Amino acid sequence: MWFAIGMIIGASLVTLIWWLKNKKANLRWYEWVIGIAGTALLLFTIQNIFGSFDETEPKAAAMFVLVTGLPSLILLAIAWQLVLRRYRTIH
């Protein structure tokens, strides 16, 4: 499972960098930090959800979705919107 997740993240990162070079857009340092923090938190959430289900603790898995999963999606959405808004104002 982690091999597949690593491949997906690697392909996503290559696609993101290719898209940014293609559009001649530059990310600011804080956009990278927010995006990396959101991705790390999302991976942490996925790992703990699977771990909780393996230990037959579905309530703990649901709590991980709320406590760490939702903030990770919010961080990723913030990073995405920061990039899109700055890109739209340039072009």
Side-chain angles (χ1 to χ4, degrees):
M1 178 184 85
W2 287 108
F3 180 74
I5 289 175
M7 293 296 287
I8 291 169
I9 289 177
S12 299
L13 188 60
V14 168
T15 304
L16 174 69
I17 292 171
W18 175 79
W19 181 78
L20 289 172
K21 284 185 178 183
N22 207 16
K23 298 291 184 181
K24 294 182 177 71
N26 291 325
L27 293 181
R28 300 194 193 267
W29 66 270
Y30 55 86
E31 294 164 346
W32 281 107
V33 170
I34 293 171
I36 290 169
T39 303
L41 196 57
L42 184 64
L43 289 175
F44 176 72
T45 302
I46 292 169
Q47 188 273 329
N48 282 301
I49 288 170
F50 281 109
S52 295
F53 277 125
D54 283 345
E55 295 178 2
T56 62
E57 294 290 339
K59 189 171 183 178
M63 291 303 291
F64 268 109
V65 169
L66 290 175
V67 173
T68 60
L70 189 59
S72 70
L73 294 177
I74 291 170
L75 285 173
L76 289 171
I78 289 171
W80 182 254
Q81 285 299 313
L82 285 171
V83 172
L84 283 181
R85 286 181 185 186
R86 191 167 32 101
Y87 181 73
R88 286 181 187 155
T89 59
I90 293 172
H91 291 85

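Since we're looking at a predicted model, the values are computed, not measured. Scope of the values below: all heavy atoms of this structure, side chains included, with no hydrogens, waters or symmetry mates.
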Please answer: with hydrophobic residues joined when any side-chain heavy atoms are less than 4.5 Å apart, are [X] and [Y] in the same cluster?
X     : Y     : result
Leu73 : Leu43 : yes
Ile36 : Ile5  : no
Trp29 : Leu75 : yes
Phe64 : Leu41 : yes
Leu20 : Leu82 : no

Tightest non-hydrogen contact, residues Leu70 and Leu66, listed as CB-O, 3.6 Å
Sorted by chain and residue number, the side chain to side chain contact (heavy atoms under 4.5 Å, CB included) partners of Leu84 (sequence neighbours excluded) come out as Trp80, Gln81, Arg88
Thr68 meets the side chain to side chain donor-acceptor pair (under 3.5 Å) criterion, sequence neighbours left out, with Thr45
Given the options Thr15, Ile9, Leu16, Ile8, Ser12 meets side chain to side chain contact (heavy atoms under 4.5 Å, CB included) only with Ile8
### Message
Counting only heavy atoms from other residues, nucleotides and ligands, does the tally under 6.0 Å from CZ of Phe3 exceed 12?
### Response
no
With a 3.5 Å cut-off and sequence neighbours excluded, list the donor-acceptor pairs that the side chains of residues 46-60 form with protein atoms.
{"unit_1": "Asn48", "atom_1": "ND2", "unit_2": "Phe44", "atom_2": "O", "d": "2.9"}
{"unit_1": "Ser52", "atom_1": "OG", "unit_2": "Asn48", "atom_2": "O", "d": "2.9"}

